[in-house]
Amino acid sequence: MSKPQQYHFVLLLSTVVVALAAIANAAAATSITPRFKEAPSFYNSPDCPLIIDESHGFSILFSDQAVHVAMTLDTAYIRGTVAAILSILQHSSCPQNIAFHFVASADASLLRATISSSFPHLNFLVYPFYDSSVSRLISTSIRSALDCPLNYARSYLANLLPSCVHRVVYLDSDLVLIDDIAKLAATPLGDNSVLAAPEYCNANFTSYFTSTFWSNTYFSLTFANRKACYFNTGVMVIDLDRWREGDYTTKIEEWMEVQKRMRIYELGSLPPFLLVFAGNIVPVDHRWNQHGLGGDNFIGLCRDLHHGPVSLLHWSGKGKPWARLDANRPCPLDALWEPYDLLQPKTPFALDS
């Protein structure tokens, strides 16, 4: 075989190998991605404002009048995300005026197709999020799931979403709403606040940071003149314009760099938010984040609701309702999540292509 022939043979062989690898990857991705039923269609009530003018190419996805919701999207939590979307639409008086912004890990095209098939009329965009954006800054935490780069995507929303999106409600994927999200989105942020979230001032705030942090005079002064309280970052209303103006992504990254050097906290992406924002947020009624239903970060034991009304149920913690239901070991409150589960009646993650 001549050298030109050898070259073409090697080129052809490499092309075949690449093609086979692509097919294998696609098949593998399909095999681990659950299949979901199509959700019912949801329509605006008669008194909802009309904010779509298709004749002029105007999209709700860029409208100030829309309720903008941001969530992450990956294969591990896609079942929770689908349930959360359904709960949001079902309890909204103006579901057609909601714009969803999904920040996706790998397999973004497959995840986009999954959302489209379950919600054919959903207004949404998908933004790829690359691990390299943040992986160099991540330190190991008390639970490996918290170390996933996508768990830090909420810190980059102002960079990822279009500049014409001024306010967004960020939601985790392990929750369901039983109230109209427009009420939460309308939370007044005052003249200066960047974000709003339910605060929990009875929590032991010092426990979120290590002795290394508190023994350092410079670090401990971070909260001087601030009534710093714990807040859960799984439910936040964010003014993206103020975030951009204050360059808060950089501020969060600076604390993550300190963490890499000195180990000042143990709990993933939450402590940097507390360091930057605790004591400077607008408090939201606790009904909008009945959190901790997944138990603690180690065992995930069953928990009861907090006292008071409920607008949002949040399975933060190790135990997720879909995993406990599949294992036939559900907690009592997991029955409140199950009606929103659109998974086809097959064994999860063992599905046809």
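Count residues from 1 along the sequence.
No donor-acceptor pair closer than 3.5 Å links the side chain of Asn232 to the backbone N or O of Asn289. A donor-acceptor pair under 3.5 Å is formed between the side chain of Gln96 and the backbone N or O of Asn44. A donor-acceptor pair is defined here as one N or O able to donate and one able to accept, closer than 3.5 Å; such a pair exists between the side chain of Gln259 and the backbone of Ile264. In this structure, Ser207 contributes its side chain and Asn204 its backbone to a donor-acceptor pair below 3.5 Å. Asp107 places no side-chain N or O within donor-acceptor distance of the main-chain N or O of Leu110, the cut-off being under 3.5 Å. The main-chain N or O of Ala158 is found under 3.5 Å from a side-chain atom of Arg244 such that the two form a donor-acceptor pair. The closest donor-acceptor contact from the side chain of Thr210 to the backbone of Arg263 lies under 3.5 Å. A donor-acceptor pair is defined here as one N or O able to donate and one able to accept, closer than 3.5 Å; such a pair exists between the side chain of His286 and the backbone of Glu199. In this structure, the side chain of Arg226 engages the main chain of Thr222 through a donor-acceptor pair within 3.5 Å. Of the possible donor and acceptor atoms, one in the side chain of Thr249 sits under 3.5 Å from a partner among the backbone N and O of Ser155.
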Between Gln90 and Val176, does a side chain to side chain contact (heavy atoms under 4.5 Å, CB included) hold up when you go through it step by step?
CA-CA 10 Å; Gln90 184 169 316; Val176 294; over 6 Å; no
What verdict does the side chain to side chain contact (heavy atoms under 4.5 Å, CB included) test give for Val284 and Phe231, after you've listed the backbone C-alpha separation in whole Å, the side-chain angles of each residue and the deciding distance to 0.1 Å?
CA-CA 10 Å; Val284 175; Phe231 65 92; over 6 Å; no
Could you go through the salt bridge (charged side-chain N to carboxylate O under 4.0 Å, His left out) check for Lys318 and Asp296 one step at a time?
CA-CA 6 Å; Lys318 185 177 181 180; Asp296 58 37; over 6 Å; no
Report the C-alpha separation of Thr206 and Phe213 in whole Å, then their side-chain angles, then the decisive distance to 0.1 Å, and conclude whether the side chain to side chain contact (heavy atoms under 4.5 Å, CB included) test is met.
CA-CA 10 Å; Thr206 60; Phe213 176 86; over 6 Å; no
I'd like to know whether Asp191 forms a salt bridge (charged side-chain N to carboxylate O under 4.0 Å, His left out) with Arg242, so could you lay out the CA-CA distance, the side-chain angles of the two residues, the decisive distance to 0.1 Å, and finally the verdict.
CA-CA 10 Å; Asp191 296 329; Arg242 292 177 184 174; 5.5 Å; no
Applying side chain to side chain contact (heavy atoms under 4.5 Å, CB included), run through Leu274 and Tyr265 and close with a yes or a no.
CA-CA 11 Å; Leu274 297 180; Tyr265 54 79; over 6 Å; no
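Residues Met71 and Ser173 form a side-chain contact, since some pair of their non-hydrogen atoms from C-beta on lies under 4.5 Å apart. Using a 4.5 Å cut-off on side-chain heavy atoms (C-beta onward), Leu150 and Val103 make contact. Side-chain contact between Phe102 and Val69 is absent, with no heavy-atom pair separated by less than 4.5 Å. No side-chain heavy atom of Ile98 sits under 4.5 Å from any side-chain heavy atom of Asn123. Residues Val310 and Arg287 form no side-chain contact, since every pair of their non-hydrogen atoms from C-beta on lies 4.5 Å or further apart. Two residues are said to be in side-chain contact when any heavy atoms from C-beta on lie closer than 4.5 Å; Ile138 and Pro149 meet this criterion. In this structure, Tyr77 and Asp172 have side chains that are not in contact, with every pair of non-hydrogen atoms separated by 4.5 Å or more. Residues Leu157 and Ile238 have side chains in contact (heavy-atom distance under 4.5 Å, counting atoms from C-beta outward).
Rounding to the nearest 0.5 angstrom, the gap separating the SG atom in Cys164 from the CG atom in Leu240 is 10.5 Å. Taking OH from Tyr200 and CG from Asn202, the interatomic distance works out to 9.5 Å, rounded to the nearest 0.5 Å. Residue Arg303 holds its CZ atom at 7.5 Å from OG of Ser316, rounded to the nearest 0.5 Å. In this structure, Arg136 CZ and Glu257 CD are separated by 5.5 Å, a value rounded to the nearest 0.5 Å. We find the CG-CG distance between Leu177 and Leu184 to be 7.5 Å, quoted to the nearest 0.5 Å. With rounding to the nearest 0.5 angstrom, the OG atom of Ser87 is 11.0 Å from the CG atom of Asp179.
A centroid separation of 6.0 Å or more is found between the aromatic rings of Trp322 and Tyr340. You'll find the ring centres of Phe100 and His68 outside the 6.0 Å limit. The aromatic ring centroids of His291 and His306 lie less than 6.0 Å from each other. Between Tyr230 and Tyr208, the ring centre distance stays below 6.0 Å. Checked against the 6.0 Å centroid criterion, the rings of Phe129 and Tyr127 do not qualify as a close aromatic pair.
Ring-plane geometry between Phe209 and Phe223 is classed as tilted, the angle between the planes lying from 30 to 60 degrees on a 0 to 90 degree scale. Ring planes of Phe277 and Trp243: tilted class, angle from 30 to 60°.
Tracing side-chain contacts under 4.5 Å through hydrophobic residues (I, L, V, M, F, W, Y), one never reaches Val67 starting from Val282; they form parts of separate clusters. When hydrophobic clusters are built by joining Ile, Leu, Val, Met, Phe, Trp and Tyr residues whose side-chain heavy atoms come closer than 4.5 Å, directly or via intermediates, Met236 is not grouped with Leu189. In the hydrophobic cluster analysis, where Ile, Leu, Val, Met, Phe, Trp and Tyr join through side-chain heavy atoms closer than 4.5 angstrom, Ile115 is grouped together with Phe42.
Checked by atom type, the side-chain pair Thr233/Arg154 shows a donor-acceptor distance below 3.5 Å. If you check the side chains of Trp315 and Asp334, you find a donor sitting under 3.5 Å from an acceptor. In the model, His314 has a side-chain atom that pairs as donor or acceptor with a side-chain atom of Asp174 under 3.5 Å. Side-chain N/O atoms of Asp180 and His91 include no donor and acceptor closer than 3.5 Å. Side-chain polar atoms of Glu253 and Tyr156 form a donor-acceptor pair below 3.5 angstrom. Remark: the Asp74 side chain and the Ser105 side chain contain no N/O donor-acceptor pair separated by less than 3.5 Å.
Residues Lys251 and Asp247 are not paired through a salt bridge, judged by the lack of any N-O separation under 4.0 Å between the basic side chain and the carboxylate.
Within 6.0 Å of NZ in Lys227 there are 12 or fewer heavy atoms belonging to other residues, nucleotides or ligands. Heavy atoms of other residues, nucleotides or ligands lying less than 6.0 angstrom from CG of Asn159 number more than 12.
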